[in-house]
Amino acid sequence: MTETHSTAVRGDSGPQVARLVASRVLDVPDFPKPGVLFKDLMPLFADGDVFREVIDGIIDHHGRDSFDIVVGIEARGFVIAAAIAYATGMGVVPVRKAGKLPRPAYSASYALEYGEATLEVHQDAFTAGHRVLVVDDVLATGGTAEATLDLVERAGGTVAGFTVLLELGFLGGRERLAGRPVHALLTV
Ligand SMILES: O=P(O)(O)OC[C@H]1O[C@H](OP(=O)(O)OP(=O)(O)O)[C@H](O)[C@@H]1O
Ligand SMILES: Nc1ncnc2[nH]cnc12
């Protein structure tokens with residue numbers, strides 16, 4: 001494993017935040033498949049001071065009056081969503097991989113950088129007009145994000161914002177989500 005080093009560190013919350021995130025990302029070659037450079041954010045989650053700064057920064061960026069509920073995408077998005085929900089006193093809705101939710105759910109299948117998957121959300125997850133902040137750790141091809149934002153809207157929510165800690169810009173996820181709000185703390 002090698003630490004991410006970048007001379008041109010950039011992100012939608014400015015270079016200081018981008019550098020902070022970059023300092024807690026580990027590059028893991030050939031995981032989960034040969035040819036994939038996996039960006040491991042576990043060191044960021046494990047550093048209490050950095051994690052708090054990142055969570056507070058996301059809340060400040062959006063403004064706590066701009067959303068009513070937080071969606072986290074399984075599995076790493078759950079960590080971020082739960083922290084934002086707790087810090088703002090809001091609720092959290094998990095968007096889960098197929099077959100995990102116990103009640104009627106909407107489903108969306110998609111391709112991601114290293115495979116295919118199906119995500120689901122409970123049909124009654126939102127009340128009409130609920131403004132939803134969606135969070136995840138990584139935006140790569142955008143397949144996961146596109147499926148999730150569609151699910152939120154199918155379930156009656158309004159997407160108020162979408163934040164990731166790390167965007168892999170060269171995979172074009174942001175372009176795929178054109179017209180949707182995308183906020184990435186670090187873009188590589
Ligand atoms: O932009 P994409 O190409 O769709 O990839 C991004 C997604 O890939 C990872 O999730 P993964 O499905 O590996 O789930 P995990 O968090 O359960 O490991 C990551 O946490 C994002 O959700
Ligand atoms: N390269 C990558 N690193 C971490 N998570 C990912 N999700 C999709 N691609 C990824």
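The structure presented is a predicted model; accordingly, all values stated were derived computationally and were not measured. Scope of the values below: all heavy atoms of this structure, side chains included, with no hydrogens, waters or symmetry mates. Read the numbers this way: they start at 1 and go in the same order the structure lists the ligands and their atoms.
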*Walk me through it: do R76 and D136 pass the test salt bridge (charged side-chain N to carboxylate O under 4.0 Å, His left out)?*
CA-CA 7 Å; R76 291 168 264 156; D136 204 357; over 6 Å; no
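- In this structure, the side chains of T148 and D150 stay at 4.5 Å or more apart for every pair of heavy atoms.
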Check: every ligand 1 N/O to protein N/O pair under 3.5 Å:
residue: ligand 1; atom: 1 (O); partner: A140; partner atom: N; Å: 2.9
residue: ligand 1; atom: 1 (O); partner: T141; partner atom: N; Å: 3.0
residue: ligand 1; atom: 1 (O); partner: G142; partner atom: N; Å: 2.8
residue: ligand 1; atom: 3 (O); partner: E113; partner atom: N; Å: 3.0
residue: ligand 1; atom: 3 (O); partner: T141; partner atom: N; Å: 2.9
residue: ligand 1; atom: 3 (O); partner: T141; partner atom: OG1; Å: 2.6
residue: ligand 1; atom: 4 (O); partner: G143; partner atom: N; Å: 3.4
residue: ligand 1; atom: 4 (O); partner: T144; partner atom: N; Å: 2.8
residue: ligand 1; atom: 4 (O); partner: T144; partner atom: OG1; Å: 2.5
residue: ligand 1; atom: 12 (O); partner: K97; partner atom: NZ; Å: 3.3
residue: ligand 1; atom: 13 (O); partner: R76; partner atom: NH2; Å: 3.2
residue: ligand 1; atom: 13 (O); partner: Y114; partner atom: OH; Å: 2.5
residue: ligand 1; atom: 14 (O); partner: K97; partner atom: NZ; Å: 3.0
residue: ligand 1; atom: 16 (O); partner: A75; partner atom: N; Å: 2.9
residue: ligand 1; atom: 16 (O); partner: R76; partner atom: N; Å: 3.2
residue: ligand 1; atom: 16 (O); partner: R76; partner atom: NE; Å: 3.1
residue: ligand 1; atom: 17 (O); partner: A75; partner atom: N; Å: 3.1
residue: ligand 1; atom: 17 (O); partner: K97; partner atom: NZ; Å: 3.2
residue: ligand 1; atom: 18 (O); partner: R76; partner atom: NE; Å: 3.3
residue: ligand 1; atom: 18 (O); partner: R76; partner atom: NH2; Å: 3.1
residue: ligand 1; atom: 20 (O); partner: D137; partner atom: OD1; Å: 2.6
residue: ligand 1; atom: 22 (O); partner: D136; partner atom: OD2; Å: 2.5

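- Counting the atoms of ligand 2 from 1 in the order shown, those under 4.0 Å from a heavy atom of L37 are 1 (N), 2 (C).
- A donor-acceptor pair is defined here as one N or O able to donate and one able to accept, closer than 3.5 Å; no such pair exists between the side chain of R154 and the backbone of L149.
- Here's the thing with L168: none of its N/O atoms is less than 3.5 angstrom from an N/O atom of ligand 2.
- For ligand 2 and A140, the ligand atoms under 4.0 Å from any heavy atom of the residue are 8 (C), 9 (N).
- Counting heavy atoms under 4.0 Å from ligand 2, residue D40 does not touch it at all.
- Proximity of V21 to L44: side-chain heavy atoms (C-beta onward) are separated by under 4.5 Å at one or more points.
- Remark: minimum distance from atom 5 (N) of ligand 2 to any protein heavy atom is reached at R76 NH1, 3.4 Å.
- Side chain of D68 to main chain of H130: no donor-acceptor pair is present (N/O by atom type, distance under 3.5 Å, no hydrogens or angles).
- Side chain of D12 to backbone of L185: no donor-acceptor contact under 3.5 angstrom is found.
- Close approach of ligand 2 to E113 is summarised as follows: ligand atoms under 4.0 Å from at least one heavy atom of the residue are 1 (N), 2 (C), 8 (C), 9 (N), 10 (C).
- Of the residues R10, R174, K39, the one that meets the side-chain hydrogen bond (donor to acceptor under 3.5 Å, both in side chains) test with E167 is R174.
- Contact check for T118 versus K97: no side-chain heavy atoms found under the 4.5 Å cut-off.
- Between V164 and D137 the shortest side-chain heavy-atom distance does not fall below 4.5 Å.
- Remark: side-chain polar atoms of H62 are not paired, donor with acceptor, to backbone N or O of G161 under 3.5 angstrom.
- Within the 4.0 Å heavy-atom cutoff, L112 does not count among the residues contacting ligand 2.
- The nearest protein atom to atom 7 (N) of ligand 2, hydrogens excluded, is given as Y114 OH, 3.3 Å; this is a heavy-atom distance.
- Distances between N or O atoms of K39 and those of ligand 2 include at least one value under 3.5 Å.
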